[in-house]
Amino acid sequence: SWTNITNTTVNQTYLNLTTTRLYRALVRSGVCSNAYSSTATVTVAPATIAGTVTPSATVCSGANSGTLTLAGHTGTVLNWQFSINGGGTWTNIVNATTTQSYLNLTQTTLYRAVVQNGSCLPANSTAATVTVNNASVGGSVAGSSTVCASGNAGTLTLSGQTGTIQSWEYSNDGGVTWTNIVNTTTSQAFSNLTDTTIYHALVKSGVCPNDTSANAIITVDPVTAGGAVSSNTTACNGNNTGTLTLTGHTGSVLNWEVSTDGGLTWLSIINTSTSQSYNNITSSSFYRAQVKSGVCTSQYSGPAIISLDPAAVGGTLYGSSTVCSGSNSGALT
């Protein structure tokens with residue numbers, strides 16, 4: 001079917017057609033019969049619809065892959081584009097298919113397709129965003145120290161991490177087993193530890209796997225125990241020898257001490273072993289050891305007492321005389 005257009009010129013315009021049209025002119029020469037011109041076809045292609053790229057995703061930096069798909073478009077894909085500055089500038093990708101892959105991205109990237117239908121203007125699809133999370137970095141914990149098993153306290157601090165703290169953990173068996181601590185801050189307190197304890201934090205950046213911080217170690221020294229020196233004995237003044245032994249102590253021997261005035265004043269003896277000898281002492285003496293466990297306060301052992309008896313003195317015997325055999329008597333003093 002044909003529709004008349006009121007136009008007797010040799011030109012016919014068209015504007016904003018939405019469907020394909022055929023045009024012809026009806027011509028008459030004088031009294032001759034009408035004749036139709038050959039037809040001209042204006043083919044109208046549908047407007048370009050760029051469509052949508054999916055799926056957007058969140059991935060971990062340096063260890064990621066995926067495929068994006070264009071759908072809902074009208075026309076053919078001219079190429080793809082990506083942007084690493086939020087869409088400020090775009091870089092072409094030579095790819096005329098409806099899918100685009102990515103691999104091991106290290107920064108957030110937007111992807112879109114450029115589509116054109118026929119002679120219509122090209123159009124850009126909606127973009128898919130591949131959000132890249134920085135890899136988790138556990139960082140390190142400062143505050144390693146050595147403390148005494150009696151009344152200790154302190155605070156550990158995490159720094160240099162990338163991501164959020166999921167929890168802390170501690171181990172008091174050298175790292176064989178770990179116990180979770182509900183704490184998502186960068187500091188972890190400890191107090192009154194009785195065993196050497198290792199601490200670390202678990203850190204997670206976005207969708208990336210957890211990373212564990214470097215360890216901090218709180219070395220716990222046992223409380224000093226002075227022990228006792230054995231054993232008390234009585235010796236002869238000026239003619240004596242023996243060895244005293246320290247037992248039941250916790251810690252290392254710093255030195256020994258001796259007192260000859262019943263423990264009022266003490267003199268140091270340079271000796272860090274657990275035994276102390278004496279030889280030909282002439283005064284009753286107390287001996288003790290000074291013991292220290294790591295950073296704990298030093299303690300003195302219980303003393304051993306060497307009591308002295310005065311040396312035996314034979315004295316002088318009086319009453320020497322000359323007597324007759326078989327008939328004598330007297331007294332010696």
Side-chain angles (χ1 to χ4, degrees), residues 144-154 172-174 190-198 217-333:
S144 292
S145 61
T146 300
V147 298
C148 187
S150 174
N152 54 72
N172 50 25
D173 60 4
F190 65 87
S191 63
N192 298 327
L193 299 180
T194 57
D195 297 300
T196 294
T197 305
I198 306 172
I217 302 176
I218 308 301
T219 303
V220 179
D221 291 331
V223 177
T224 304
V229 177
S230 61
S231 61
N232 293 341
T233 190
T234 299
C236 184
N237 189 341
N239 183 20
N240 52 73
T241 186
T243 300
L244 306 172
T245 302
L246 175 67
T247 59
H249 60 292
T250 300
S252 301
V253 177
L254 298 181
N255 58 272
W256 286 70
E257 293 182 341
V258 61
S259 173
T260 57
D261 58 5
L264 295 178
T265 58
W266 295 86
L267 295 176
S268 181
I269 302 171
I270 299 174
N271 177 14
T272 58
S273 73
T274 57
S275 60
Q276 173 62 43
S277 62
Y278 61 90
N279 185 49
N280 295 334
I281 59 176
T282 57
S283 299
S284 293
S285 301
F286 290 18
Y287 286 88
R288 69 182 183 186
Q290 186 177 17
V291 179
K292 183 174 172 57
S293 174
V295 298
C296 298
T297 304
S298 65
Q299 300 288 337
Y300 288 105
S301 68
I305 303 173
I306 309 299
S307 300
L308 294 183
D309 287 337
V313 177
T316 302
L317 184 63
Y318 296 96
S320 294
S321 62
T322 301
V323 296
C324 182
S325 175
S327 178
N328 53 70
S329 65
L332 303 174
T333 301

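- Residue pairs meeting the disulfide (SG to SG under 2.5 Å) criterion with at least one partner in residues 250-292, sequence neighbours excluded, do not occur; the list is empty.
- Put simply, CZ on Phe190 and OG on Ser145 are 4.0 Å apart, with the number rounded to the nearest 0.5 Å.
- Taking the side chain to side chain donor-acceptor pair (under 3.5 Å) definition, one finds that Ser259 meets it with Asp261, sequence neighbours left out.
- Figure legend: Arg288 and Trp256 shown without cation-pi pairing, the cationic atom not lying both under 6.0 angstrom from the six-membered ring centre and within 45 degrees of its axis.
- The distance from the OG1 atom of Thr250 to the CG atom of Asp221 is 11.5 Å, given to the nearest 0.5 Å.
- Nearest approach of Thr146 to Val295, heavy atoms of both residues: O-CG2, 3.7 Å.
- Contact of the Val147 side chain with the Thr219 side chain is not registered, since no non-hydrogen atoms from C-beta on lie closer than 4.5 Å.
- Put simply, the side chain of Ser293 gets close to the backbone of Pro222: a donor and an acceptor are under 3.5 Å apart.
- Residues that satisfy the side-chain contact (heavy atoms from CB on, under 4.5 Å) test with Ala235, not counting sequence neighbours, are Asn240, Ile306, Leu308.
- Looking only at atom types and distance, the side chain of Thr224 has no donor-acceptor partner in the side chain of Gln299 under 3.5 Å away.
- Residue Trp266 holds its CH2 atom at 7.0 Å from CZ of Phe286, rounded to the nearest 0.5 Å.
- In this structure, OG in Ser301 is found 9.0 Å from CD in Glu257, a value given to the nearest 0.5 Å.
- The CG atom of Leu332 sits 7.5 Å away from the OG atom of Ser321 when rounded to the nearest 0.5 Å.
- Contact record, Ser150 with Val223: CB-CG2, 3.6 Å, taken as the closest heavy-atom pair.
- Taking CG from Asn255 and OG from Ser273, the interatomic distance works out to 11.5 Å, rounded to the nearest 0.5 Å.
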